[in-house]
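For reference, the structure is listed below as structure tokens.
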Protein chains: 2
Amino acid sequence: MAEREVDRSVSQTVKAQLALRDQLLSGALRPGERISELQAVETTGASRTPVRMALVRLEEEGLLEAIPSGGFMVKAFSERDISDSIELRGTLEGLAARFAAERGVSARELEPLKECLAAIDELLGQVPISVDAFSSYVALNARFHALLTELSRSPPLIRQIDRASALPFASPSGFVMAQSALPEAKQILIIGQEHHRVAIDAIENREGARAEAVMREHARLAVRNLRLALRNRTHLDLLPALALIKTATD
Amino acid sequence: MAEREVDRSVSQTVKAQLALRDQLLSGALRPGERISELQAVETTGASRTPVRMALVRLEEEGLLEAIPSGGFMVKAFSERDISDSIELRGTLEGLAARFAAERGVSARELEPLKECLAAIDELLGQVPISVDAFSSYVALNARFHALLTELSRSPPLIRQIDRASALPFASPSGFVMAQSALPEAKQILIIGQEHHRVAIDAIENREGARAEAVMREHARLAVRNLRLALRNRTHLDLLPALALIKTATD
DNA sequence: TGAATACGTTATGTATACAGTAACTGGCGA
DNA sequence: TCGCCAGTTACTGTATACATAACGTATTCA
């Protein structure tokens with residue numbers, strides 16, 4: 001008789017995947033550390049089969065690495081890995097912006113994007129920016145990027161961008177980190193808003209090359225900011241770094 | 001008592017994954033068709049657990065699609081999906097070329113690339129090109145692209161390019177298709193060689209922007225060729241199209 | 001005292017049993 | 001004759017049992 005509490009509203013596999021990803025991004029599991037299946041079974045409440053499926057998915061997602069002798073370990077990232085990921089994502093988003101511009105986008109479709117920017121403007125008007133406001137900003141910004149990506153109308157590209165964003169987004173500890181590491185964050189965010197505005201303008205006027213260029217420039221700026229932020233810290237730890245991607249990319 | 005023949009030299013999961021991918025790319029399974037786990041168990045010789053792991057991996061790879069009510073189906077691709085994939089891959093390779101140029105590559109590292117090009121030159125010298133020669137060309141070209149990607153020294157980028165190439169490469173039926181659909185294939189391949197030569201030259205001289213530009217131009221040419229080839233066919237079928245990516249991308 | 005080997009423990013890979021759900025088919029009623 | 005409902009079948013999702021391989025520890029020999 002299994003006294004295991006079974007929640008049938010979501011699949012056990014999805015539940016395990018979300019739980020494990022949380023553990024990974026929150027820092028409960030450290031880079032290089034081996035993940036024990038049995039331990040995962042206990043912490044997630046699912047049985048071994050769904051846990052294994054979740055581990056496979058997380059490996060494909062890039063958060064885990066298969067150990068040749070068996071099992072999985074938490075993947076470790078270098079500083080360059082992270083800045084490369086930012087540039088990679090920016091390049092992909094640039095392509096998405098170009099597709100959007102070339103393929104044409106109606107004014108109606110651009111409306112939600114503009115609303116996002118306006119909402120962010122309002123947040124940035126606050127002095128100083130509260131933690132709550134910053135958290136709202138992150139959500140709004142993620143929404144903006146998702147909407148922009150959608151405008152490309154290219155499922156393969158959207159899919160690829162999602163994959164490239166797996167690390168950057170969804171790290172809950174990012175907010176605090178951003179506060180401490182990026183005191184000049186606000187100025188950076190304001191410049192980001194400018195970039196986004198140019199991108200929308202370019203898409204509206206069907207200038208593909210300009211739309212692409214500004215998104216890539218945006219990413220390069222993010223890389224420079226990341227380097228700057230990291231220089232202030234002696235040790236590069238995985239999770240704070242992961243968290244940084246999120247803020248530096250946006 | 002299991003009379004199942006167990007090959008312990010490779011894991012059952014890998015065996016199942018390879019077998020299923022073969023079935024997908026060879027056309028044994030048609031787009032939109034639901035994949036039966038039990039059927040896969042019989043054809044691959046592995047049991048359900050490894051088969052399921054393989055299915056999850058193939059879904060992440062983009063060859064399969066999860067059905068909401070359960071199970072997986074063979075993913076279907078539109079003509080635009082395919083041309084977008086080519087452009088996507090070209091964009092990523094452009095970034096790789098730029099990284100290689102900016103980060104510097106020794107003459108020794110470029111040697112194998114040049115050898116590839118020379119070997120391809122020799123193949124293209126034949127009149128007419130035999131099927132065997134074409135097959136060799138495909139292998140050599142894949143090697144060239146892989147080597148170029150490696151030069152970027154960026155694991156995240158290399159990983160992403162691998163993913164973006166999952167569809168393009170590894171389709172065995174591509175050769176025949178290429179022969180029938182692209183009678184002017186040879187001329188196209190010769191132009192491709194030119195592009196690759198320029199890319200190497202740019203990397204050698206550390207001209208990142210030029211290296212990136214030529215690889216992207218290369219991809220755009222491939223897209224045009226794909227469109228041309230497809231115009232000659234009334235119906236776009238998944239597998240021939242998949243196969244075409246391989247030849248058109250290279 | 002150190003190193004190597006053997007044994008035991010543990011965890012992963014694999015197989016299979018079980019349960020629940022969705023789809024299909026057949027029958028009945030309008 | 002068509003549509004709807006119920007029963008049945010088959011497949012997926014989940015759990016668990018079993019086998020094998022790897023790792024750690026202890027003991028023995030040099």
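For the numbers below, each heavy atom of this structure counts, side chains included, while hydrogens, waters and symmetry mates do not. Remember, predicted model here, so these are calculated numbers, not experimental data.
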Output all residues satisfying side-chain hydrogen bond (donor to acceptor under 3.5 Å, both in side chains) with A:Glu111, sequence neighbours left out; order by chain, then residue number. none

Taken in chain and number order and not counting sequence neighbours, the residues that satisfy side-chain hydrogen bond (donor to acceptor under 3.5 Å, both in side chains) with A:Arg153 are A:Glu109

Listed by chain and number, what are the salt bridge (charged side-chain N to carboxylate O under 4.0 Å, His left out) partners of A:Glu42, not counting sequence neighbours? none

Just the table, please: protein N/O against nucleotides 8-13 of chain D N/O, every pair under 3.5 Å.
{"from": "D:dT12", "atom 1": "OP1", "to": "B:Ile35", "atom 2": "O", "distance (Å)": "3.4"}
{"from": "D:dT12", "atom 1": "OP1", "to": "B:Glu37", "atom 2": "N", "distance (Å)": "3.3"}
{"from": "D:dG13", "atom 1": "OP1", "to": "B:Gly71", "atom 2": "N", "distance (Å)": "3.3"}
{"from": "D:dG13", "atom 1": "OP2", "to": "B:Arg52", "atom 2": "NH1", "distance (Å)": "2.8"}
{"from": "D:dG13", "atom 1": "OP2", "to": "B:Arg52", "atom 2": "NH2", "distance (Å)": "3.1"}
{"from": "D:dG13", "atom 1": "N7", "to": "B:Arg48", "atom 2": "NH2", "distance (Å)": "2.9"}
{"from": "D:dG13", "atom 1": "O6", "to": "B:Arg48", "atom 2": "NH1", "distance (Å)": "2.9"}

Which residues share a side-chain hydrogen bond (donor to acceptor under 3.5 Å, both in side chains) with B:Arg103, sequence neighbours left out: A:Asp84

Using OP1 and OP2 only, check whether a side-chain N or O of A:Ser47 sits under 4.0 Å from D:dA15. yes

Apply side-chain hydrogen bond (donor to acceptor under 3.5 Å, both in side chains) to A:Thr43 and list each qualifying residue two or more places apart in sequence or on a separate chain. A:Gln23

